[in-house]
Novice: 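Before anything else, here's the structure in question.
In this chain, numbering begins with 1 at the start of the sequence shown.
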Amino acid sequence: MTVVHPGSNARRTAEDPHDGPRRRVGPLAALDGRLPGAHDLLLMQCPSSLRPLTGGELPDWARAVLRVHPWVTVGRAPAVVGDPADLPYPQRCTRDPEAAPELWFPVTVRGPRPGQRLDALAPWAAVARTLRPEQLAERRQRLAPERLARIPALALLPEVGRLVADHRMPWGPIGAVGYELGSGVPVAGPLSPLRLVLRSPQPVSRRDALQLRRALTKLPVPIQAELETRHGSVQLADYAAGSHSLTLLTAYGPREVHDPWFPRGPFA
């Protein structure tokens, strides 16, 4: 069994002219030159192929959810290559037995009740479409006006975009708002916070982080933003506050670091 970091390069495939990139089911390369990373949404062509991390079969509630809305969220953990004994090839999906070993991604299934989640592994061969957080804000126009009026976190996306644009960082909504924009399932509520990922492969100054943090806190919705570096993510609020020690969330677990762009010490 081999571990692979999400986001590594792969061959390009054709774009779906109707709604973003789509891939055939099978051992093909990534959609847009990359493999899924944390917070990406995956549309499962064969959701029954998911394998719970705790072992066994999918619970009934997860099967019911995936039958109607087969979207899952990629977690922050290593992908697994191969066919471990406890992760057999999907029995309900057709797969070429002579194909390369399967690539399994850590995902979360969102349940119908608040806080209900299932952590699982999803085979790359069963993924039909991926959506990055950066692709989600523009999908706001697909929602009904009354939905936008009822959910402040959705209504404020254009204003957030204007504030972040001043700092030239690619960004996107995650959490309940991101899931609703990607899947179309109305999971966000009137009191839902707006969670954001801010792509920052290059260092951001504390001054710029503080300026952005102050601008976001003036909005009438709780904002939870994270800076995504090449090594993981840190909370914008913690970094902007000038904390000497920061918690860097990585694929191998949290690490205490002083500089999230140049963390010292080896990763697992």
Novice: Can you check whether P106 reaches D119 side chain to side chain, under 4.5 Å on heavy atoms?
Specialist: no
Novice: Please identify which of these residues, L212, L156, L196, L163, meets the side-chain contact (heavy atoms from CB on, under 4.5 Å) condition with I223.
Specialist: L196
Novice: Going through the distances and angles, do F262 and V257 end up as a side-chain contact (heavy atoms from CB on, under 4.5 Å)?
Specialist: CA-CA 9 Å; F262 299 98; V257 301; over 6 Å; no
Novice: Do you know which two heavy atoms are closest between P158 and L154, and how far apart they sit?
Specialist: CD-O, 4.4 Å
Novice: Evaluate the side-chain proximity of V72 to T108: yes if any heavy-atom separation is below 4.5 Å, no if none is.
Specialist: no
Novice: Got a second to check how far R63's CZ is from L50's CG, nearest 0.5 Å?
Specialist: 10.0 Å
Novice: Share the residues that join I174 in a hydrophobic cluster, the rule being Ile, Leu, Val, Met, Phe, Trp or Tyr side chains under 4.5 Å apart at the heavy-atom level.
Specialist: V197
Novice: Quick check: do H39 and R132 have side-chain heavy atoms less than 4.5 Å from each other?
Specialist: no
Novice: Would R140 and L148 satisfy side-chain contact (heavy atoms from CB on, under 4.5 Å), going step by step from the backbone distance to the final call?
Specialist: CA-CA 8 Å; R140 175 181 174 274; L148 298 177; 3.8 Å; yes
Novice: If we count only N and O atoms by modelled type, under 3.5 Å, do the side chains of S243 and D238 hold a donor and an acceptor together?
Specialist: no
Novice: Which heavy atom of G178 sits nearest to which heavy atom of L41, and what is that distance?
Specialist: O-CD1, 3.6 Å
Novice: To the nearest 0.5 angstrom, please state how far the CD1 atom of I151 sits from the CG atom of L194.
Specialist: 12.0 Å
Novice: A side-chain contact here means heavy atoms from C-beta on lying under 4.5 Å apart; do L198 and E228 qualify?
Specialist: no
Novice: Report yes if the side chains of L43 and P70 come closer than 4.5 Å at any heavy-atom pair, otherwise no.
Specialist: yes
Novice: Could you walk me through whether E102 and R51 pass salt bridge (Lys or Arg N to Asp or Glu O under 4.0 Å), step by step?
Specialist: CA-CA 13 Å; E102 185 56 271; R51 291 294 178 263; over 6 Å; no
Novice: Quick one: hydrophobic cluster around L249, which other residues, with the 4.5 Å side-chain cut-off, linked directly or via members?
Specialist: none
Novice: Of the non-hydrogen atoms in P123 and S49, which two are nearest, and what is the gap between them?
Specialist: CG-OG, 3.3 Å
Novice: To the nearest 0.5 Å, what is the distance between CG on L118 and CG on L53?
Specialist: 7.5 Å
Novice: With a 4.5 Å heavy-atom cut-off, do P52 and L58 have their side chains touching?
Specialist: yes
Novice: I want to know whether F105 and W124 have ring centres closer than 6.0 Å.
Specialist: yes
Novice: Classify the side-chain pair E256/T247 by whether it contains a donor and acceptor separated by less than 3.5 Å.
Specialist: yes
Novice: Is it the case that one hydrophobic cluster holds both L136 and L219, taking links as side-chain heavy atoms less than 4.5 Å apart, direct or via other members?
Specialist: yes
Novice: Work out which heavy atom in L227 is nearest to a heavy atom in Y239; give both atom names and the distance.
Specialist: CD1-CD2, 3.8 Å
Novice: For P190 versus P152, what's the shortest heavy-atom pair and its separation?
Specialist: O-CD, 3.4 Å
Novice: Do V65 and V68 pass the side-chain contact (heavy atoms from CB on, under 4.5 Å) test, and can you show the C-alpha distance, the side-chain angles, and the key distance before you say yes or no?
Specialist: CA-CA 6 Å; V65 167; V68 181; over 6 Å; no
Novice: Measure the spacing between OG1 of T73 and CZ of R117 and express it to the nearest 0.5 Å.
Specialist: 8.0 Å
Novice: What is the minimum heavy-atom distance between A122 and M44, and which atoms define it?
Specialist: CB-CE, 3.8 Å
Novice: Sort out for me which residue in R110, R147, R139 forms a salt bridge (charged side-chain N to carboxylate O under 4.0 Å, His left out) with E180.
Specialist: R147
Novice: Treat each ILVMFWY residue as a node, draw an edge where side-chain heavy atoms are under 4.5 Å apart, and state whether L216 and L210 are in one component.
Specialist: no
Novice: Hey, could you give me the CH2/CZ distance between W71 and R129, rounded to the nearest 0.5 Å?
Specialist: 6.0 Å
Novice: Do R230 and Q202 make a side-chain contact, defined as non-hydrogen atoms from C-beta onward lying under 4.5 Å apart?
Specialist: yes
Novice: Measure the spacing between CZ of R199 and CE of M169 and express it to the nearest 0.5 Å.
Specialist: 12.0 Å
Novice: Run the side-chain contact (heavy atoms from CB on, under 4.5 Å) test on W261 and H231 for me, step by step, so that the C-alpha distance in whole Å, both residues' side-chain angles and the decisive distance to 0.1 Å come before the verdict.
Specialist: CA-CA 7 Å; W261 287 275; H231 302 284; 5.7 Å; no
Novice: Looking at side-chain heavy atoms only, is the closest gap between L131 and D40 below 4.5 Å?
Specialist: no
